[in-house]
Asker: 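Structure incoming, see below.
Here is how names work: the chains are called A, B, and so on, in the same order as the sequence lines, proteins then strands, and each is numbered from 1.
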2 protein chains.
Amino acid sequence: MVQIPKQTAPPSPVQRPVPTSADVARLAGVSRATVSYVLNNTSTVRISEPTRRRVHEAAKELGYVPHAAARSLRAGHSRMVLMPAPTIPVGPLYNQFFNDLQWALGRLDYTVVQYGSVGLRGDEAARAWAELRPVAVLVPGSGLGPQGVAVLKRSGARAVVTLGPERVEGAHALLMDHDRVGHCAGTHLVARGRRRIGVVMPGETGLEVFSKPRLDGVRRALHGTDATVTELPLAYEEEGAARLAARWRSLDLDAVFAYSDEYAMLLMRALQDEGIGIPDETAVIGADDLMLGRLLRPRLSTVHIELPSGRDLAELVDRAVREPGAVPETQAVLGARVVHRASS
Amino acid sequence: MVQIPKQTAPPSPVQRPVPTSADVARLAGVSRATVSYVLNNTSTVRISEPTRRRVHEAAKELGYVPHAAARSLRAGHSRMVLMPAPTIPVGPLYNQFFNDLQWALGRLDYTVVQYGSVGLRGDEAARAWAELRPVAVLVPGSGLGPQGVAVLKRSGARAVVTLGPERVEGAHALLMDHDRVGHCAGTHLVARGRRRIGVVMPGETGLEVFSKPRLDGVRRALHGTDATVTELPLAYEEEGAARLAARWRSLDLDAVFAYSDEYAMLLMRALQDEGIGIPDETAVIGADDLMLGRLLRPRLSTVHIELPSGRDLAELVDRAVREPGAVPETQAVLGARVVHRASS
DNA sequence: TTGAAAGCGGTACCAT
DNA sequence: ATGGTACCGCTTTCAA
């Protein structure tokens, strides 16, 4: 072999063309049809064993990999389930759910693809997704309107499922109404005799999708009682929490629903540093039932959120794909229950 | 194979066929070529304004959305950057990094797709990715071998970038060696006069990718000193932590590197419940520099990890795509530095 | 300014 | 048991 100093190395070492089934056919001395039959194990056609071997060998030698786009173009459909990748910080709860879902859909022979749609919103995004011709689209959060659903369906999506606060015309809906989370928390605090209830509203953008309904839920729980709600804007940083804690007594609250366990931890620490007794002076309850709540002292009361199982959702998707004409199902799937610990 | 007559009346509302550019052409009374010119704003060709309008109107009326697969099939390439979706629980650090990256690649007009490859491993997975003919593939973690890289390149990927502990032949490498994290922690603890150092090894499967190098890093830091390392297997649950804490004094350790801030919190709580003084009796240091560390008392020392900026990685990808022949770059990109707080 | 037609990589009919 | 070939939807010469 000739030694070539790396400096003079050609900028483009022969960029071999990507092998196609035609190349495999040529090398194996058969037709493209035969290659297709062999590599797909087509059962409607018999190929002799020697031929099969030659094809397989040729394919392996060339490093042949079929072209998914060409295949699905010809087939007129794909098994791709598309989900927009979340753009907001998303907790371990969702990650777990998503992994389950992915696994379950994989079992049903679907391919899950998370599509990064940064900067696109609403129907623009729907168009971008539609270009990929997914067989199903799962859309967390709100932001997809009936028009978006229509675009997707017209472009061949056999199932559109929203995972969010409200149903959208034409799409299946897994209602995940965070109102219920707030309602749980509110009901609990009232039942514990609390009357002046603060509700943390996180400052991070994008979280309003969750925080607003949770707040509304608290309000709903308090309806008909003499309890009051105070909104407490709070960024996820120590200083803000400290400032809030410093004026805490002037707020005259006897309880707070801290949006999530993480915000609860932030606030609890600030309150404790300020010498405010938990739960005596102020009860605190979080949400999400994360491990960290159990590690706080006092142990953090929380709202445990139950997401649908990945398997269930996968089955819904599969059903919808097989029966695209069916009336869209709508089911409330967000379970919420209080886990009472020491902080409330 | 049995032919299914298309006329079989579906129980569903008429499943209209997906509109194609031919449909648009027909409705607008022009050729498909013209449609393509208009919708793509092809600058090499002039189309009269009235025609443009008719085409746009027809497209809108039909709800036409171009078929990405057909397009890239014809074009011979795509702008898709593929990343396998992480299967292991991944922290806020990675999520942040990924969002940045996605945004930065979006700016460069790439489309980022996270591919759910559950159950596939190694070169099997590489094949599945290759079927999508992405222009670039970013692979976090180990698990992709030189063969996998070859498969991807042969199928047209112009850039393969690994984000992991070691470089892989043929691929660009962003070395994220967690050894350095452990090394930081170890060095710090030794400098603080600690000599009998425990290292938490998390029980969750999949985390060995990180925990092993971190352990090795601690070992490396202690090399040449008289300090000793003790591995401490620990699942992420209270009971395990309590059991570990119960036998803590018998372990005779004066410091512990707790793998991450979250494990540190778990362990710290258990140690404190056991009455073990932190940092006097045992120093504790975590990693990841999460907010929660600042909220613990004593405040948690930690190793701050610096991932490459999404923009940098995006630029690397773009460079690699434009210059596919270039020698693969290898750069260490994982920054680690101790944030000293009160727990050590 | 517009249209006809070739062809991207596969698949599945219909012959042979 | 195989091969020929017509598509799938789109872009892009080349001609008109």
Side-chain angles (χ1 to χ4, degrees), chain A residues 17-55 58-59 62-79 130-133 135 154-156, chain B residues 1-6 17-55 58-59 62-79 130-133 135 154-156:
Chain A
V18 179
T20 72
S21 77
D23 297 319
V24 177
R26 201 156 20 235
L27 182 57
V30 299
S31 73
R32 292 181 347 146
T34 304
V35 171
S36 176
Y37 295 143
V38 170
L39 296 184
N40 295 305
N41 270 314
T42 311
S43 52
T44 57
V45 97
R46 303 232 168 290
I47 303 288
S48 70
E49 207 42 55
T51 304
R52 304 188 88 85
R53 256 210 350 267
R54 294 219 314 285
V55 169
L62 292 177
Y64 170 72
V65 174
H67 193 307
R71 188 195 302 244
S72 69
L73 177 58
R74 167 66 221 220
H77 62 257
S78 73
R79 301 280 293 174
E131 292 192 357
L132 297 187
R133 298 289 191 272
V135 67
R154 292 188 68 84
S155 66
Chain B
M1 186 190 279
V2 183
Q3 276 249 15
I4 301 175
K6 280 189 179 164
V18 179
T20 72
S21 77
D23 297 319
V24 177
R26 201 155 23 231
L27 182 57
V30 299
S31 74
R32 294 166 56 210
T34 304
V35 170
S36 178
Y37 293 144
V38 171
L39 296 184
N40 294 307
N41 270 314
T42 310
S43 52
T44 58
V45 95
R46 306 242 164 285
I47 303 286
S48 69
E49 206 44 54
T51 306
R52 304 187 88 84
R53 255 211 350 268
R54 294 218 316 283
V55 169
L62 292 177
Y64 170 72
V65 174
H67 192 306
R71 182 188 303 222
S72 69
L73 178 57
R74 167 65 219 228
H77 61 257
S78 72
R79 301 279 295 172
E131 292 193 357
L132 298 186
R133 298 290 193 273
V135 68
R154 292 189 69 84
S155 66

Asker: So, is A/R26 close to the D/dG3 phosphate, meaning a side-chain N or O under 4.0 Å from OP1 or OP2?
Answerer: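 It does not, given that no N or O in the side chain of A/R26 lies less than 4.0 Å from OP1 or OP2 of D/dG3.
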Asker: Stepwise, does the side chain to side chain contact (heavy atoms under 4.5 Å, CB included) test hold for B/H67 with A/L73?
Answerer: CA-CA 9 Å; B/H67 192 306; A/L73 177 58; 4.2 Å; yes
Asker: How close or far is atom C1' of C/dG10 from atom CG of A/N41, stated in whole angstroms?
Answerer: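 Atom-to-atom, A/N41 to C/dG10, this comes out as 16 Å.
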Asker: Nearest whole angstrom, please: distance from the P of D/dG9 to the CG of B/D23.
Answerer: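 Taking CG of B/D23 and P of D/dG9, I get 8 Å after rounding.
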Asker: Using the side chain to side chain contact (heavy atoms under 4.5 Å, CB included) rule, take A/N41 and A/R52 through it: C-alpha gap first, then chi angles, then the decisive distance, then the call.
Answerer: CA-CA 10 Å; A/N41 270 314; A/R52 304 188 88 85; 3.0 Å; yes
Asker: C/dA12 P sits how many Å from A/R71 CZ, rounded?
Answerer: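 It is 9 Å, rounded to the nearest whole Å.
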Asker: Would you say A/R32's side chain and A/S21's backbone share a donor-acceptor pair under 3.5 angstrom?
Answerer: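 No.
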Asker: Specify the separation, in whole Å, of atom NE2 of A/H77 and atom C1' of C/dG10.
Answerer: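 The distance from NE2 of A/H77 to C1' of C/dG10 comes to 13 Å, rounded to the nearest Å.
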Asker: How would you label the contact of A/V65 with the nucleic acid (heavy atoms, under 4.0 Å): base, sugar-phosphate, or nothing?
Answerer: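 The answer is sugar-phosphate, as A/V65 gets under 4.0 Å only of primed atoms, P, OP1 or OP2.
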Asker: Which value, rounded to the nearest 0.5 Å, describes the distance between B/R71 atom CZ and B/N40 atom CG?
Answerer: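 Reported to 0.5 Å precision, the distance equals 5.5 Å.
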Asker: Walk me through it: do B/T34 and B/V38 pass the test side chain to side chain contact (heavy atoms under 4.5 Å, CB included)?
Answerer: CA-CA 6 Å; B/T34 304; B/V38 171; 4.2 Å; yes
Asker: Starting at atom CG of A/L132, determine the distance to atom P of D/dG9, rounded to an integer number of angstrom.
Answerer: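 From A/L132 CG to D/dG9 P: 16 Å.
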Asker: Using a cut-off of 4.0 Å between protein heavy atoms and nucleotide atoms, how would you tag nucleotides 2-8 of chain C 5' to 3' with B, S and -?
Answerer: BBB-BBB
Asker: Could you tell me the separation between the NE2 atom of B/H67 and the C1' atom of C/dG10, rounded to a whole number of Å?
Answerer: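 Whole-Å distance recorded here is 13 Å.
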Asker: With sequence neighbours excluded, tell me which residues meet side-chain contact (heavy atoms from CB on, under 4.5 Å) with B/L132.
Answerer: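 Result, side-chain contact (heavy atoms from CB on, under 4.5 Å) vs B/L132: A/A68, B/M80, B/L82, B/Y115, B/P134.
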Asker: Select base, sugar-phosphate, or nothing to describe what B/S21 touches, counting heavy atoms under 4.0 Å on all strands.
Answerer: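 B/S21: backbone/sugar contact only, no base atoms under 4.0 Å.
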